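Encoded as structure tokens, the structure appears first; notes follow it.
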Amino acid sequence: MGLMRVVRNRPLSDGVFELELSAPPEVLGAAPGTFLHVAVGGGVFLRRPFSIHRTDPQDGTAAVAYAVRGEGTRVLSQTKPDTVLDVLGPLGSGYSLPEGARRVLLVGGGMGAAPLLHAAQFLKGRADCDAVLGFASASYAFALDRFEACCRSLRAVTDDGSLGVKCSACDAAARLIETERPDAVWACGPEGMYRAMQGLGCFRNLVCQVSLEERMGCGVGACLTCSCRVRAGEGWEYRRVCADGPVFPLGEVVFGG
Amino acid sequence: MGLMRVVRNRPLSDGVFELELSAPPEVLGAAPGTFLHVAVGGGVFLRRPFSIHRTDPQDGTAAVAYAVRGEGTRVLSQTKPDTVLDVLGPLGSGYSLPEGARRVLLVGGGMGAAPLLHAAQFLKGRADCDAVLGFASASYAFALDRFEACCRSLRAVTDDGSLGVKCSACDAAARLIETERPDAVWACGPEGMYRAMQGLGCFRNLVCQVSLEERMGCGVGACLTCSCRVRAGEGWEYRRVCADGPVFPLGEVVFGG
Amino acid sequence: MVDRPSLAVEVCGVPMKNPCIAASGTFGFGEEYQRYFPLHKLGAICVKGLTLEPRQGNPPPRIAETPSGMLNSVGLQNPGVRAFLRDHLPRLADSGTAVIANIAGNTAEEYCKIAAMLSKSRVDMLELNISCPNVKEGGVAFGTRPESVLEITRRVKTESGGKPLAVKLSPNTSDIGETALAAREGGADAISLINTITGMAVDVKNMRPVLANVTGGLSGPAIRPVALRMVYEAARAVTIPVIGMGGIMSGEDAAAFLLCGARAFMVGTATVVSPTACVHIVAELERYLKEQGIGDVNALVGALKA
Amino acid sequence: MVDRPSLAVEVCGVPMKNPCIAASGTFGFGEEYQRYFPLHKLGAICVKGLTLEPRQGNPPPRIAETPSGMLNSVGLQNPGVRAFLRDHLPRLADSGTAVIANIAGNTAEEYCKIAAMLSKSRVDMLELNISCPNVKEGGVAFGTRPESVLEITRRVKTESGGKPLAVKLSPNTSDIGETALAAREGGADAISLINTITGMAVDVKNMRPVLANVTGGLSGPAIRPVALRMVYEAARAVTIPVIGMGGIMSGEDAAAFLLCGARAFMVGTATVVSPTACVHIVAELERYLKEQGIGDVNALVGALKA
Ligand SMILES: Cc1cc2nc3c(=O)[nH]c(=O)nc-3n(C[C@H](O)[C@H](O)[C@H](O)COP(=O)(O)OP(=O)(O)OC[C@H]3O[C@@H](n4cnc5c(N)ncnc54)[C@H](O)[C@@H]3O)c2cc1C
Ligand SMILES: Cc1cc2nc3c(=O)[nH]c(=O)nc-3n(C[C@H](O)[C@H](O)[C@H](O)COP(=O)(O)OP(=O)(O)OC[C@H]3O[C@@H](n4cnc5c(N)ncnc54)[C@H](O)[C@@H]3O)c2cc1C
Ligand SMILES: Cc1cc2nc3c(=O)[nH]c(=O)nc-3n(C[C@H](O)[C@H](O)[C@H](O)COP(=O)(O)O)c2cc1C
Ligand SMILES: Cc1cc2nc3c(=O)[nH]c(=O)nc-3n(C[C@H](O)[C@H](O)[C@H](O)COP(=O)(O)O)c2cc1C
Ligand code: FES
Ligand code: FES
């Protein structure tokens with residue numbers, strides 16, 4: 001926890017911004033898939049959670065990439081460099097590399113690309129990594145150059161065909177799994193993408209970890225407001241996205257209800 | 001009512017700031033003793049009332065002088081030039097020059113000096129004006145040079161003698177009344193000053209107008225939250241500081257309760 | 001996108017050109033606001049609470065700022081119903097907008113007398129204020145127990161001479177549905193809610209209450225979640241029209257109240273903050289309807305998917 | 001200026017090194033906060049509401065931001081009293097701070113069973129939660145009628161085996177003094193208030209409630225004026241200690257509650273916003289006492305000049 005200075009805050013693509021913070025060692029060394037819980041100021045009452053998008057240990061900076069959705073992200077998008085923000089983190093339990101895994105496939109949908117760049121940075125020297133990123137349209141794509149710098153391969157697809165082939169990230173990833181046979185999939189995207197993945201055998205047959213989103217309070221596991229459903233025995237039980245996740249095995253997550 | 005751009009916002013003295021706004025004609029031509037009702041922003045919910053301190057019709061600017069008291073004035077003191085503020089006004093009914101009056105004595109206590117500069121500006125060419133300004137200490141005095149430029153004479157006094165003689169504005173004014181025989185007194189200061197004035201015959205025997213303060217809501221006369229007590233018949237009745245005042249005849253105001 | 005959504009509503013027979021009503025106590029008798037916008041832009045104006053005799057109200061300070069809200073302890077200062085009828089109503093009735101008279105008494109008899117006097121006037125609706133937290137007698141005392149709500153409503157309705165009667169409910173209760181039902185059983189044509197929630201602020205430096213009256217009524221966005229819930233519950237408890245209010249600052253806030261079941265809404269504190277608030281809220285509501293592709297504001301009423 | 005004001009208080013026999021208590025439901029069983037500060041810095045910890053059997057709680061979303069506040073609809077998710085006694089209490093009881101167990105049941109029998117199980121444990125105090133707005137049965141249903149407050153308090157007190165019993169009152173009532181009196185008559189050793197106020201938020205774009213449970217409990221600064229008023233009224237109604245809460249974000253906020261008559265205070269939502277809130281609040285309270293020249297925090301209690 002602490003005060004972090006804004007180094008830069010700039011648009012990456014249509015409605016997507018990158019906030020670069022002067023970050024302490026624990027953030028610079030954070031596990032991929034963990035997040036920062038940001039008090040954005042300006043009368044916004046609760047913190048807002050954002051995955052770590054990338055870190056630059058040399059510069060001592062870490063960045064989050066965020067889409068402007070409502071009041072909190074709107075206020076954040078107007079934050080000026082040198083503003084000091086109250087930021088908690090790194091929080092949560094992120095992606096983990098299965099023992100002996102050599103090849104990881106990253107699958108991102110929309111803003112889900114955000115934590116995957118940090119994942120790709122982390123995997124450098126640890127495993128080969130390929131990325132499949134899906135966006136609604138080319139104008140929303142971001143950080144592709146950075147992904148290219150960190151990944152063995154990058155495939156960007158769009159819903160409307162304005163960038164790459166016209167197809168979903170899930171389908172593109174499914175095809176890649178057949179050819180590349182990764183040992184693990186690290187995914188981040190909307191619920192619809194995860195549901196589609198759960199429906200496909202190829203994702204069920206390998207270690208597949210997904211990052212969930214839920215409205216949050218404390219971010220540290222105490223208030224029990226960020227529940228998601230995870231298989232337990234015959235049925236399911238609530239788990240905390242902030243502390244038990246945000247990353248869970250795809251097969252254990254129960255959607256809808 | 002309208003949006004006004006901050007031209008300058010700078011300290012005048014210990015804890016006192018001047019906010020200069022790009023102002024519309026109705027503010028530039030406002031009567032002395034009227035006020036602006038400022039939405040300071042930054043999560044502060046209600047507006048804050050400040051008397052017009054001075055206007056500069058040439059530059060198209062008007063200024064308020066304010067002391068940092070609580071959250072609202074703290075936020076205001078941090079407002080940067082070019083910020084656009086939502087400002088209502090001019091509001092209220094100000095000082096008025098009695099028919100045929102030639103000499104006006106201005107009596108200010110502390111921040112009460114704020115509207116009196118505007119009054120002095122207004123009186124230029126209309127009547128002679130002398131000013132007596134009392135401050136707790138020299139470090140709180142402000143705008144003395146501007147007063148000197150507008151008034152026939154200026155006497156600044158302090159509670160601790162660090163500037164001028166050690167005496168109250170009320171007592172200094174009482175002495176001046178004897179020698180200068182003004183036709184009217186326009187005063188602005190804390191309640192204690194007005195009570196002292198009510199106790200002295202010299203203020204009772206001439207037209208003496210005082211500006212009151214009360215916590216405000218709407219500022220336009222509708223919500224009835226800004227009441228003060230004014231003599232009526234045998235007793236008193238509540239009047240609205242924002243719309244019936246802020247300026248009232250000293251003799252009519254009933255203090256305490 | 002819809003071109004020009006229809007904003008007109010009708011509340012127990014009173015047509016309004018839009019569902020936005022200036023709330024009692026924050027709009028005086030309208031006179032102060034004429035210089036800010038033509039009053040006919042409003043759906044209706046609800047005037048400051050009227051008592052039988054003129055009333056001085058409580059000592060100042062009467063207002064305190066609180067987080068996202070304010071406390072007031074005005075205490076029903078008003079010139080009395082006769083002065084209203086003589087000095088204010090004529091102009092207001094000609095202003096091109098519906099007029100609602102908010103009435104408050106110390107006793108049931110007083111309520112009835114005021115209603116009787118107004119029943120022959122040009123006001124379009126009566127609003128029975130049994131929920132003012134800032135007066136010792138009457139006010140909220142009538143508004144918290146269902147039996148007394150029923151009783152006072154019945155008696156006032158008898159005196160209202162056919163004018164529609166809205167009963168303004170107090171949020172200082174454990175079961176708003178019960179109070180709403182009581183008002184309906186007493187003959188209310190509509191209910192309006194919420195009035196302010198009793199609250200308090202402390203000046204810790206001087207170790208005193210901020211308000212001379214110690215307690216006051218909390219209004220503004222801070223209470224909106226409570227107001228929305230109560231409107232939602234009340235609208236499910238009764239079928240008569242519900243007029244919702246409490247912290248409406250924007251067109252989207254207003255839409256939330258309509259979705260929860262309000263047929264119209266009142267705006268109070270927003271006007272205290274900005275004189276033209278109502279006009280902006282109507283414009284924003286219209287824009288919201290366009291964006292949602294809804295052609296008639298009445299389609300929002302109770303349309304919450306819950 | 002006072003050098004080192006004394007912050008120690010005693011609440012019905014339980015000594016606390018300062019009057020700041022982590023509120024139920026926002027501090028878990030303390031485990032998550034150990035990495036942020038040593039728990040012995042707190043006057044006491046009130047644990048998440050305990051039920052007889054483990055409880056899943058309500059579906060998500062369970063939280064909504066509102067102006068200066070938040071709504072939660074957690075619905076008493078907890079591992080049950082047995083798991084608490086086995087897995088959590090041992091560590092907590094060794095943490096160097098007093099432990100308050102917040103208990104919630106569906107039925108009076110359940111409340112009594114939980115109390116009986118805890119009466120032989122190392123907890124220092126029981127807090128009877130009859131004011132949870134987020135569960136269908138029990139909870140707030142027990143907390144709004146004075147007769148049922150009296151009855152449930154009496155029954156649970158009998159089972160508490162000498163542990164001090166605080167009764168946590170619901171703000172969803174028209175007369176908090178009456179409820180406080182009922183708790184005292186039932187044998188409460190202290191009362192605590194306020195729990196959250198039932199509220200609601202609407203997602204106007206999707207025309208849905210934000211919370212899956214539709215309604216939730218409003219907490220945070222938005223409700224502070226209501227909380228202060230109720231603490232003030234309750235402290236005047238009963239002589240047993242009052243523990244105040246509702247929107248305390250700073251040491252000055254805490255001081256306001258003490259001035260209104262609270263013997264100690266709880267901090268909930270502030271911790272949700274910042275894990276170290278309690279520690280800062282204690283430091284600010286100490287600074288406030290120094291500035292006011294007050295040597296002992298107990299001198300603040302009920303010292304409001306009203
Ligand atoms: C672990 C985690 C990591 C995230 N990482 C990113 C990221 O890297 N980039 C990014 O753009 N977004 C991310 N999000 C989503 C992001 O937190 C929301 O978009 C943001 O909180 C919206 O805030 P707002 O005030 O702009 O929107 P509003 O809708 O106005 O917010 C209102 C409330 O809803 C909550 N909320 C709204 N949408 C979401 C959501 N999808 N998830 C959680 N809470 C929400 C807000 O926190 C707030 O309490 C992440 C969410 C979680 C839980
Ligand atoms: C007609 C009028 C003209 C004024 N002109 C000036 C001026 O020219 N220069 C100046 O420095 N001050 C002036 N004041 C006082 C000024 O409005 C307050 O100092 C200011 O509102 C304090 O706000 P705050 O948020 O900093 O203080 P806080 O104490 O945090 O404010 C809390 C609340 O109290 C109200 N309040 C606090 N003190 C006063 C007060 N003395 N009068 C009215 N409301 C108060 C605030 O408006 C707010 O609602 C004037 C007041 C009135 C009524
Ligand atoms: C200054 C003020 C005065 C009020 N006076 C009255 C009144 O006379 N009669 C009444 O029924 N309600 C009165 N109210 C309550 C409002 O009409 C409204 O019910 C309440 O403020 C909630 O709405 P809001 O949050 O939009 O203000 C008053 C409110 C305020 C802020
Ligand atoms: C997320 C959350 C969970 C809560 N859970 C409980 C609970 O289990 N038992 C209880 O008595 N109160 C519970 N409360 C209420 C708080 O203890 C407290 O009474 C209320 O939030 C007001 O204080 P605050 O404004 O400081 O949060 C909860 C509050 C929140 C915000
Ligand atoms: S946000 Fe509080 S437990 Fe997850
Ligand atoms: S502030 Fe509203 S009437 Fe004066």
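Not measured: the values here are computed from a predicted model. By convention in this document, chain letters (A, B, ...) are assigned in the order of the sequence lines, proteins followed by strands, and residues within each chain are numbered from 1.
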Should the pair A/E71-A/R74 be classified as a salt bridge under the 4.0 Å nitrogen-to-oxygen rule?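 A salt bridge is present here (some side-chain N lies under 4.0 Å from a carboxylate O).
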Is the closest basic N to carboxylate O distance between A/R54 and A/E20 below 4.0 Å? yes
Would you please go through residues 217-226 of chain A and name the residues with a non-hydrogen atom below 4.5 Å from one of chain D, in numerical order?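 Residues in range: A/G217, A/C218, A/V220, A/G221, A/A222, A/C223, A/L224, A/T225.
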With a 4.5 Å heavy-atom cut-off (strictly below), which parts of residues 243-252 of chain A touch chain D? List them by number. none
Can you tell me if D/S95 uses its side chain to pair, donor with acceptor, with the backbone of D/L39 under 3.5 Å? no
In terms of ring plane angle, is the pair D/F27 and D/Y33 parallel, tilted or perpendicular, where the classes change at 30° and 60°?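 Correct class here is parallel.
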Ring of A/W236, cation from A/R231 - is the NZ or CZ under 6.0 Å from the centre and inside 45° of the axis?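 Geometry flag: not set, cation outside 6.0 Å or 45°.
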Cation-pi check for A/F122 against A/R126: NZ or CZ below 6.0 Å from the six-membered ring centre and within 45 degrees of the axis, yes or no? yes
Checking A/E237 against chain D: side chain, backbone, both or neither under 4.5 Å from a heavy atom? both
Less than 4.5 Å to any heavy atom of chain D: does that hold for the side chain of A/R239, its backbone, both, or neither?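 Contact with chain D: none, neither part.
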Residue part contacting chain A, namely of D/F29, when any heavy atom lies under 4.5 Å: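 Interface part for D/F29: neither.
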What distance do D/L169 atom CG and D/L193 atom CG have between them, rounded to the nearest 0.5 Å? 5.5 Å
Once rounded to the nearest 0.5 Å, what's the spacing between atom CG of D/L285 and atom CZ of D/F257?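 If we round to the nearest 0.5 Å, D/L285:CG and D/F257:CZ are 13.0 Å apart.
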Side chains of D/M245 and D/F265 in contact at under 4.5 Å (non-hydrogen atoms):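 When only atoms from C-beta onward are counted, D/F265 and D/M245 do not touch, as no gap falls below 4.5 Å.
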Could you walk me through whether D/T269 and D/S219 pass the side chain to side chain donor-acceptor pair (under 3.5 Å) test, one step at a time? CA-CA 6 Å; D/T269 302; D/S219 62; 2.6 Å; yes
Between D/E32, D/Q77, D/E65, which shows the greatest number of heavy-atom pairs under 4.5 Å with chain A? D/E65
Search all heavy atoms of A/V75 against all heavy atoms of A/V40 and return the closest pair with its distance. CG1-O, 3.8 Å
